[in-house]
Amino acid sequence: MEHIQAAVLHQFNEPMRTEEISIDEPHDGEALIRVVASGLCHSDYSVLHGILRSELPAVLGHEGAGIVEKVGPGVTHLKPGDHVIAVLTPSCGHCPMCQEESPSLCFETFKTMVGNTMLDGTNRLQLDGRSVRQLCGIGSFAQKAVVPAGALIKVDKDVPLDKVCLIGCGVTTGVGAALNTAQVKPGSSCVVIGCGGVGLSIIQGCRIAGAETIIAVEPNVAKRDLAMELGATHTIDPKAEDARKKVREITMLGTHYAFEAIGRIDTVEQMWGMIRPNGLAVVVGVPNPRDEVKLRVSGFLAQRSMKGSAYGSAVPTRDIPRFVDLYRKGELKLDALITARIGLEQVNEAFEAMGRGEGARSVIVF
Ligand SMILES: NC(=O)c1ccc[n+]([C@@H]2O[C@H](COP(=O)([O-])OP(=O)(O)OC[C@H]3O[C@@H](n4cnc5c(N)ncnc54)[C@H](O)[C@@H]3O)[C@@H](O)[C@H]2O)c1
Ligand SMILES: [Zn+2]
Ligand SMILES: [Zn+2]
């Protein structure tokens, strides 16, 4: 057991406390990593505010990259010194979803993403003798983390971990939603509602897929500019204009694809009126999971469909190396997404800024 600094959430709607906690050795099938960098995702924000629930105390953070320090028994694909990105699915390989090649829906994520524990239902962190949960089985707002080894994907040592950490959640969620979930076709039209780290990654995915028209809907002017820099062809300020009407003006029939990347019910419903007959609306944002969506049935008669996207329908062993490669080729821009680099003790301020809609991604660099 060793001692590390971590940001610990004790109460919903209260700031996290940076304090010393203890961390165990990795058990069977797990690895201990030194966290080099971690992005801040809106899903952390939703847990902070009790919209997504977790047992507390907990260490949040699930967009991390680091260096392997130790591997537990039975881990053969990693060794100390390897550089890794932590991903949101442990990809067990034997549950029905993994067998159907949908590891983003792996049944083991009920333990890591809902229970916020390791695969055996226990945790490797303690504070004053109490067990501390790790968000998504990761908990990257800490100097070190023990993670199920299946959720660690090795990357080459020359890729900057303080940039590619974003591939751990937001980038894979967004680019994957366009390339895997929607399978955006060349020449098509897309609208993306919400241009935080996830929405801006969806825009990049649509550009990489060869979409001709990419409309970004976002109230923050700096993020509308960033959207244009990353591939959008049009922007809409939903505070100044009726977004649905404006999308119809630009595309006449509506778009082939729409993506919601905020996590609001009203904008999920709004997508239905933005897509054309045969169009596909993809729900990427995560509202309160108990909320309900209302859709007019006439949309189904025009063969419109709505689909969810979990972790960009990613197959991490295939997609993480592919996205790192796209970054290296300059097609996937990560540097532009990072609007603040911070220390662990600034994590609360950075989430306050996220709450005000400021900045695309903040990254904690350890
Ligand atoms: N499905 C998944 O697997 C998955 C994975 C990661 C994150 N998420 C979810 O994706 C969503 C986005 O995450 P993020 O980290 O990019 O969040 P973020 O807070 O960085 O970005 C949200 C953006 O929406 C904008 N916005 C707010 N109200 C708006 C409105 N009415 N119209 C248009 N834009 C508006 C904000 O200004 C902000 O830029 C969250 O709900 C998060 O929980 C889902
Ligand atoms: Zn996330
Ligand atoms: Zn599985």
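Order of listing sets the numbers, starting from 1, for every ligand and every atom in it.
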If we ignore hydrogens and angles and just use 3.5 Å, is the side chain of [X] paired with the main-chain N or O of [Y] as donor and acceptor?
X      : Y      : value
Asp82  : Lys79  : yes
Tyr257 : Lys185 : yes
Arg133 : Gly115 : yes

Rounded to 10 degrees, the angle SG of Cys98 makes with SG of Cys106 at the Zn ion (ligand 3): 100°

Angle subtended at the Zn ion (ligand 3) by Cys95 SG and Cys92 SG, rounded to 10 degrees: 110°

Metal site the Zn ion (ligand 2): N/O/S of Cys169 inside 2.8 Å: yes

Residue and atom name of the nearest protein heavy atom (relative to atom 34 (N) of ligand 1), distance in Å to one decimal: Pro219 CD, 3.2 Å

Closest approach of any protein heavy atom to atom 3 (O) of ligand 1, naming residue and atom: Tyr311 N, 2.8 Å

Pair Glu331 + Lys329, salt bridge at N-O below 4.0 Å: no

salt_bridge(Lys111, Asp120) N-O dist < 4.0 Å: no

Under 3.5 Å, N or O to N or O, is [X] touching ligand 1 that way?
X      : result
His42  : yes
Asn220 : no
Val286 : yes
Pro238 : no
Ile193 : no

Rounded to 10 degrees, the angle NE2 of His62 makes with SG of Cys41 at the Zn ion (ligand 2): 110°

Nearest-option assignment for [atom], heavy atoms, candidates [options]:
atom                    : options                        : answer
atom 9 (C) of ligand 1  : Gly194, Gly285, Gly308, Ala310 : Gly285
atom 22 (C) of ligand 1 : Gly359, Ala261, Gly199         : Ala261
atom 16 (O) of ligand 1 : Val198, Leu40, Ile262          : Val198
atom 21 (O) of ligand 1 : Gly312, Gly196, Ala314         : Gly196

Subset of ligand 1 atoms that lie under 4.0 Å from at least one heavy atom of Lys223: 38 (C), 39 (O)

Distance-only donor-acceptor check, side chains Asp319 and Tyr311, under 3.5 Å: no

His62 and Asp44: side chain donor to acceptor below 3.5 Å: yes

Non-hydrogen atom of Arg361 closer than 4.0 Å to ligand 1: yes

